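Chain letters run A, B, ... following the sequence lines, proteins first and then strands; every chain starts at 1. What you see is a predicted model, and the numbers here were worked out from it, not measured in a lab.
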Number of protein chains: 2
Amino acid sequence: MKKAPTIRDVAAAAGVSVSVVSRVLNPDSGPVAPAKRQEVVRVIDELGYRPRAAARELSAGHALTIGLVVTDLSNPFFARLADRIVWEARSHGVQVVLMTTQEDPHLEAESLDTLLDRSVSGVIATPTGGNIEKWARLQDLGVNVVFVDRTIEELGDADVVSIENFDSAQRSTEYLIGLGHTRIALVTGPLSTSTGRARISGYRAAHESASLPVDPLLIRDVPFRGDAGGDAVGSLLAMPQPPTALIVANTAQVQSSVRRLVQKGVRIPEDLSVIVFDDNPWTELMSPPLSVIRQPLDMLAVHAIELVLGRMQGRLPEGPRLIEVKADFLPRNSCAPLAQTAIR
Amino acid sequence: MKKAPTIRDVAAAAGVSVSVVSRVLNPDSGPVAPAKRQEVVRVIDELGYRPRAAARELSAGHALTIGLVVTDLSNPFFARLADRIVWEARSHGVQVVLMTTQEDPHLEAESLDTLLDRSVSGVIATPTGGNIEKWARLQDLGVNVVFVDRTIEELGDADVVSIENFDSAQRSTEYLIGLGHTRIALVTGPLSTSTGRARISGYRAAHESASLPVDPLLIRDVPFRGDAGGDAVGSLLAMPQPPTALIVANTAQVQSSVRRLVQKGVRIPEDLSVIVFDDNPWTELMSPPLSVIRQPLDMLAVHAIELVLGRMQGRLPEGPRLIEVKADFLPRNSCAPLAQTAIR
DNA sequence: ACCCGAAGTGGAACCGGTTCCACTTTTGTA
DNA sequence: TACAAAAGTGGAACCGGTTCCACTTCGGGT
């Protein structure tokens, strides 16, 4: 186990001072004579020298690193989001430190502290909704915060990237209404999140423009983790007058909800028409293939990274940005007209 | 945007020297009078002081960080693995820097360089198979390397955690043979990986003990990325005498393979019996639910972390360790006796 | 009362980069 | 040819921790 060379080793071997090596390492930080530059480059290559990130960070005061704080990587939604973000970050030479919260504010708080210790220059997160002061403190210390998929109302000056929640919920609801359905259930995110509320609004708006009444019992706001989606589905099916259509607008709960449907032997779409908010290849492989609101994860990731890096480089207007990405509706075969639906 | 306090601020506010504060921060690094310890703790809390990780790393020479290098997080196998590893790492106070290789040795090489710059104390990876010298160099510089799911033969002294490849392939093959199948196709990983070879051996062994011949054309070793699995399936189906059963023993290619089956309108298990190596909730939600070799990701993750941390703390015997975890076979409804299979 | 070792403390070097600044050497221009 | 501006260079401080070591203080044993 040998020791890696340092900048002073390089300087000595090239017969120059560390200043010169540093200037070679960071172009535009000062002049270097072409001959010396070449020699330094040669020595660097010969010794296999690589600058230690820790040293750089210490003197710079911040790291070329961003934190990614998501609920849970075993959920394909977050996993794919993470994948895109890691990919985009790398192409900009930025590393990603990954933390999961399991939707637990305590774990989230711990993660934020750790990221602060690491002097990350940005954080991309799907926040739990708690830790308002902690998030504020983070921003206060100059960390660029971007929320994806959800907002925290109390945090006015954070950037947010999400899909068009209102619009997506409205469109999927309208589609089902167009098929003749009147009892449409909605499983969505917690009311404490902007996302959850916006989707409910879209759902209501669709009902209103069709002059249909809204049965509040058909709306279920459930947490992002655990088996809450499945439980909501179970309870919906057990209603005296069960729904004939279901929109699962809580991406993290799609799997749980669908599992419950399968377990209960519900036939799709003969018994129940289903639309889910998801972007998961498996939805297409089911029989029938599920109709989905496709979350454009690539776009979410790209915008999130753009925001973080843009702020890092100070090339972005001051105020907080809200970016809403259009989500595609992909009708497949999990929805049928009400006339062809078996009412129990 | 204010500035975070440093250890010197704390020392000044508590009326002690930085040495004392440092000793309070790191118990067992030296004596501190109880009264002063208490005062220092109070000041730390009051100022909200947190030690900068970069400073620590610089002087320690290595970071409390491990690198996780996987193919692709949009693949549920790697995503779930990452999830468990992040979780286990956190519980030991270790952070995880995530990098993806897309199975491209160049990207892998770049990742390793970056991790080296960061002075990570360990790397957990699903290696591409290339970059032998780079991996060796990493180990040479004192980085603990643990491979998951695959080995690199040329790298004798790396720890490896994987499932019992030979055994798993053998059992699934025997199961199908038991159902009467004689033309069983195998889609597995590249021959350049130990995993790929071991699974083929298991497959062959099952044939031998049943005195069945092996048709080499039924064995397809395909890369971990791209749509190679689907293509292999397409080509298998187009054979003059196509297989009546299929084992997809390349977790990264399960989705691609199944998609192709669905696209081609192959009925499971009426036309083809299927077993896949996977640990993905969606396999259960398909109709029919797929029979799987369940990869015990939790176990893989726990062992990987144990190895890395164990080596970091120097409390592990010298030589490289190979840990094989038993994988469960979960028969569901995607396999039928040959007698009930439609031969085209 | 005396001495020795342990407990407690702070000063300063060190880790490996970046950056400021003073200094020397070129260049360009009048 | 003279002299200011620009290019090139290296010394040293600095970032924020850890750690070694010298020094002081205290306690206990004889």
Expressed as a whole number of angstroms, how long is the span from [X]:[atom1] to [N]:[atom2]?
X	N	atom1	atom2	result
B:Arg50	D:dG17	CZ	P	11 Å
A:Tyr49	C:dG17	OH	C1'	7 Å
B:Asp28	C:dG8	CG	C1'	16 Å
B:Asn26	D:dC20	CG	C1'	15 Å
B:Leu58	C:dC15	CG	C1'	4 Å
A:His62	D:dC15	NE2	C1'	12 Å
A:Ile7	D:dG10	CD1	C1'	13 Å
B:Glu57	C:dG17	CD	C1'	14 Å

I'd like to know if A:Arg23 reaches the base of D:dG8 with its side chain such that a donor and an acceptor end up less than 3.5 angstrom apart. no
Ignoring hydrogens and geometry beyond distance, is the side chain of A:Arg56 in donor-acceptor contact with the base of C:dG16 at under 3.5 Å? no
So, the side chain of [X] versus the backbone of [Y]: is there a donor-acceptor pair under 3.5 Å, distance only?
X	Y	answer
B:Arg311	B:Glu318	yes
B:Thr6	B:Arg8	yes
A:Arg225	A:Glu103	no

Would you say the side-chain atoms of B:Arg84 and A:Ser74 include a donor-acceptor pair closer than 3.5 Å? no
Would you indicate which nucleotide in [options] comes nearest to any side-chain atom of [X]?
X	options	value
A:Pro51	C:dT18, D:dG16, C:dG17	C:dG17
B:Ser22	C:dG17, D:dT9, D:dT19	D:dT19
B:Val16	C:dG8, C:dG16, C:dG10	C:dG10
B:Val20	C:dG16, C:dG10, C:dT18	C:dG10
B:Ser19	C:dG16, D:dT9, C:dG11	C:dG11

Going by side-chain hydrogen bond (donor to acceptor under 3.5 Å, both in side chains), name the residues that satisfy it together with B:Glu39, two or more places apart in sequence or in a different chain. B:Arg42
Need to verify one output field. Residue with the more 5' nearest nucleotide on DNA chain D, B:Leu25 or A:Val32? A:Val32
Mapping A:Gly30 and B:Arg8 to their closest nucleotides on DNA chain D, which lands nearer the 5' end? A:Gly30
Does a side-chain N or O from A:Lys36 land closer than 4.0 Å to OP1 or OP2 of D:dT9, or not? yes
Phosphate OP1/OP2 of C:dG17 contacted by A:Ser59 side-chain N/O (<4.0 Å): no
Considering every strand and a 4.0 Å limit on heavy-atom distances, what is the contact class for A:Pro31: base, sugar-phosphate, or nothing? base
What contact category does B:Thr6 fall into here, base, sugar-phosphate, or nothing, at under 4.0 angstrom with non-hydrogen atoms? sugar-phosphate
Picking from A:Val146, A:Val94, A:Leu115, A:Asn144, what satisfies side-chain contact (heavy atoms from CB on, under 4.5 Å) with A:Ile66? A:Val94
Short of 4.0 Å, heavy atom to strand atom, which residues of residues 109-118 of chain A count as contacting DNA chain D? none
Heavy-atom closest pair (A:Ser194 atom, A:Arg150 atom, distance to 0.1 Å) is OG-C, 4.1 Å
Smallest separation among heavy atoms of B:Leu73 and A:Ala82, with atom names: CD2-CB, 3.7 Å
